[in-house]
Undergrad: 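Here's a structure for you.
Just the heavy atoms: all of them, side chains too, but no hydrogens, waters or symmetry mates, feed the values below. Throughout, numbering of the chain's residues begins at 1 and tracks the sequence.
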Amino acid sequence: MEVGRKDDLAALRDEILALKRERNALIMAHYYQRDEIQEIADYIGDSLALARKAAETDADVIVMCGVHFMGETAKILCPEKLVLIPDAEAGCSLADSCDADEFAAFVAEHPDHTVISYVNTSAAVKAVTDIVVTSGNARKVIESLPADEKIIFGPDRNLGEYINAVTGRDMLLWPGACHVHDRFSMERILEMKREHPEARVLVHPECRRSLQLIADKVGSTAALLAYARESDAREFIVVTESGILFEMQKACPEKVFMPAPPDEPGCQCNHCEYMKMNTLEKVRDALRDGKPSVEVDGEIAKRALRPIRRMLELS
Ligand code: 13P
Ligand code: SF4
C-alpha cells in the first residue's frame, strides 16, 4: 500500500475511534464487509450473532455495517437506540425477492401453517411471521417443532430445500434466492476439486441443493469459519460471498482458502455489491452526522419483534 494512502487510512480510523467514544457507539460488522471495516469493528459475526449482540449491548448507538435488514433487526430489538447504517441503499436481493403483500397473501391462503421466515426479509414480512430464523439456527428451530407441524418457509428456496432434506420435513417454500449464492458454478467448483483433491468444500445453505450435496460442510458464515478453524485439512474451497475469506485467513494463516467461482467467467459475482457499498468513509460520516438511521413503523416493529424474540429464545 502507498505511504499516503496508509496515512489517510490511519487518520480515518482514528477519527472513527474518537467519534465512537464520543457517541458511546458499538460498531458491528458482518463477515462479508470490506476487510478494513472488519478491522475496525468491535464485533464481527453472522446474522444470528449480530442480532444477539444488538439485543444485549448497552451502547447508545449501534452502527450496523451490513445490509438494511440487519439494521432493521437491530432497531426492532432496540427501539430506543440510534441504529445507524453506513449506506441506506445497501439492500439484499434475497429480501427483495419476497414482497410483503404477496407473502402476506400466501400466508393467508394457508391459515393452518406456522410461518418461518429467514432473517433476510423486510420488517413487514417478519410482521406476518411466527418465528424468524437465520442459517445458523434454522435447523435447530425447525427441529424443535412437532414433526407433523405444517410449515411455510420463506424466502430462500435453497435454504428451505436444505432444511427439508436434513429434517425430513415437507415445508412449503417461497421461491426466493440470493443473486450471489444462486450463481456459483458446479462445473468450475468440480474443476477446482480435481486440481485440489484434498481441499474441503464449504458451502453456504443459500447455494443450490446440487452444491450442498458435494459439500464437506454446509453452514452459516460463522459455522463455515468454525469448521475451517477446527479442520485438519489445509485447503478449502469456499462457496459463499468472498468477504468471509478475510476472517478465515486471519484465523488460520497457515491454511489456503480458495474462493469458488460464479458461473460467468471474469465476473465478480461472488461479491455481494450491497455489502460492499459500505466504506470506512461512510462509517465515519454516519457516526459524525448521526445518519442514515434505521426507522421502522411502530406497528410493524411491534409485530416483527415477537418472531425475532422467539428465534433468540429457541436458539
Ligand atoms: P449468515 O447468517 O450465514 O451470516 O448469512 C447472511 C447472508 O446474508 C448470507 O448471504
Ligand atoms: Fe443478501 Fe445475498 Fe448479499 Fe447475503 S449475499 S446480503 S443474501 S444479497
Side-chain angles (χ1 to χ4, degrees), residues 12-13 15-92 95 118-121 123 126 132 134-137 220-226 240-241 243-244 246-248 250-251 272 274-296 301 304-305 308-309 311-312 315:
L12 191 53
R13 274 201 211 114
E15 219 181 323
I16 291 172
L17 291 179
L19 285 163
K20 193 181 78 165
R21 273 193 295 272
E22 213 175 283
R23 282 193 173 269
N24 186 27
L26 178 78
I27 302 180
M28 292 203 256
H30 187 266
Y31 290 122
Y32 297 162
Q33 289 295 285
R34 292 170 188 271
D35 302 356
E36 60 273 22
I37 291 186
Q38 295 194 44
E39 271 171 346
I40 53 122
D42 298 301
Y43 190 77
I44 313 170
D46 66 357
S47 314
L48 178 61
L50 294 175
R52 277 200 182 121
K53 188 73 185 171
E56 70 185 33
T57 182
D58 55 11
D60 296 318
V61 177
I62 293 174
V63 184
M64 183 61 80
C65 304
V67 290
H68 194 263
F69 76 81
M70 295 175 175
E72 251 184 7
T73 304
K75 183 67 185 177
I76 292 166
L77 283 163
C78 317
E80 76 293 348
K81 292 191 197 299
L82 176 63
V83 177
L84 300 171
I85 40 174
D87 192 316
E89 300 301 313
C92 166
Y118 193 32
V119 70
N120 298 44
T121 44
K126 291 183 177 83
V132 169
T134 75
S135 52
N137 64 10
S220 72
T221 48
L224 299 182
L225 180 62
T240 187
E241 210 273 352
I244 186 74
F246 176 71
E247 190 60 27
M248 284 179 169
K250 204 167 104 192
C272 172
Y274 302 113
M275 285 281 183
K276 303 305 192 243
M277 284 169 85
N278 297 328
T279 61
L280 273 189
E281 284 82 359
K282 290 181 191 174
V283 173
R284 186 263 325 268
D285 294 352
L287 271 167
R288 185 193 57 205
D289 304 338
K291 62 177 194 194
S293 64
V294 182
E295 307 302 334
V296 186
L305 178 61
I308 297 174
R309 279 243 172 92
M311 164 181 89
L312 295 177
S315 56

Undergrad: L48 and S315: side chain to side chain contact (heavy atoms under 4.5 Å, CB included), yes or no, with the steps?
TA: CA-CA 9 Å; L48 178 61; S315 56; 4.0 Å; yes
Undergrad: Give me the atom names and distance for the closest heavy-atom approach of I76 to A301.
TA: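 Of all heavy-atom pairs spanning I76 and A301, the closest is CG2-O, 3.6 Å.
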Undergrad: Indicate the atoms forming the closest heavy-atom contact of I244 with T240, along with that distance.
TA: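 Minimum heavy-atom contact is CG2-CG2, 3.5 Å.
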Undergrad: Measure across V67 and G91 and return the closest heavy-atom pair with its distance rounded to 0.1 Å.
TA: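 V67 and G91 have their closest heavy atoms at CG1-O, 3.1 Å.
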Undergrad: Go through the steps for V294 and M64 under the test side chain to side chain contact (heavy atoms under 4.5 Å, CB included), then give the verdict.
TA: CA-CA 10 Å; V294 182; M64 183 61 80; over 6 Å; no
Undergrad: Output the distance between atom CD (Q33) and atom CE (M28), rounded to the nearest 0.5 Å.
TA: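 So the gap between those two atoms works out to 12.0 Å.
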Undergrad: Quick one: OG1 on T134 to CG on L312, what's the gap to the nearest 0.5 Å?
TA: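 T134 atom OG1 to L312 atom CG measures 9.5 Å (nearest 0.5 Å).
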Undergrad: Considering only NZ, NE, NH1 and NH2 on the basic side and carboxylate oxygens on the acidic side, decide whether D42 and K20 come within less than 4.0 Å.
TA: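 Result for this pair is yes, salt bridge flagged.
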Undergrad: Could you note down all residue pairs passing salt bridge (charged side-chain N to carboxylate O under 4.0 Å, His left out) where residues 68-90 supplies at least one of them, sequence neighbours left out?
TA: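 Listed by first then second residue: D87-K282.
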Undergrad: Find the distance between CD1 (I62) and SG (C78) and round it off to the nearest 0.5 Å.
TA: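 Reported value, rounded in 0.5 Å steps: 4.0 Å.
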Undergrad: Using the ring-ring contact (aromatic ring centres under 6.0 Å, His included) rule, collect all pairs that involve residues 18-65, keeping only residues at least two apart or in two chains.
TA: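 For residues 18-65, and leaving out neighbouring residues, the ring-ring contact (aromatic ring centres under 6.0 Å, His included) pairs sorted by first residue read H30-Y32.
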Undergrad: Any chance you could measure L280, atom CG, to D35, atom CG, to the nearest 0.5 Å?
TA: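 L280 atom CG to D35 atom CG measures 10.5 Å (nearest 0.5 Å).
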Undergrad: Measure the spacing between CZ of R23 and CG of D60 and express it to the nearest 0.5 Å.
TA: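 R23 CZ to D60 CG: 10.0 Å, rounded to 0.5 Å.
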Undergrad: Assess the residue pair C92 and H68 against the criterion (side chain to side chain contact (heavy atoms under 4.5 Å, CB included)); give the C-alpha distance rounded to whole Å, side-chain angles, the decisive distance to 0.1 Å, and a yes or no.
TA: CA-CA 7 Å; C92 166; H68 194 263; over 6 Å; no
Undergrad: Are K250 and E39 ion-paired here, with the side-chain N under 4.0 Å from a carboxylate O?
TA: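 Result for this pair is no, no salt bridge flagged.
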Undergrad: Dump the intermediate steps for side chain to side chain contact (heavy atoms under 4.5 Å, CB included) on C65 and I27, then the final yes or no.
TA: CA-CA 7 Å; C65 304; I27 302 180; 4.0 Å; yes
Undergrad: Does L19 offer a backbone N or O that forms a donor-acceptor pair with the side chain of R288 under 3.5 Å?
TA: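 A pair under 3.5 Å: no.
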Undergrad: Under 3.5 Å, is there a donor-acceptor pair between the side chain of N278 and the main chain of G66?
TA: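 Between the backbone of G66 and the side chain of N278 there is a qualifying donor-acceptor contact (under 3.5 Å).
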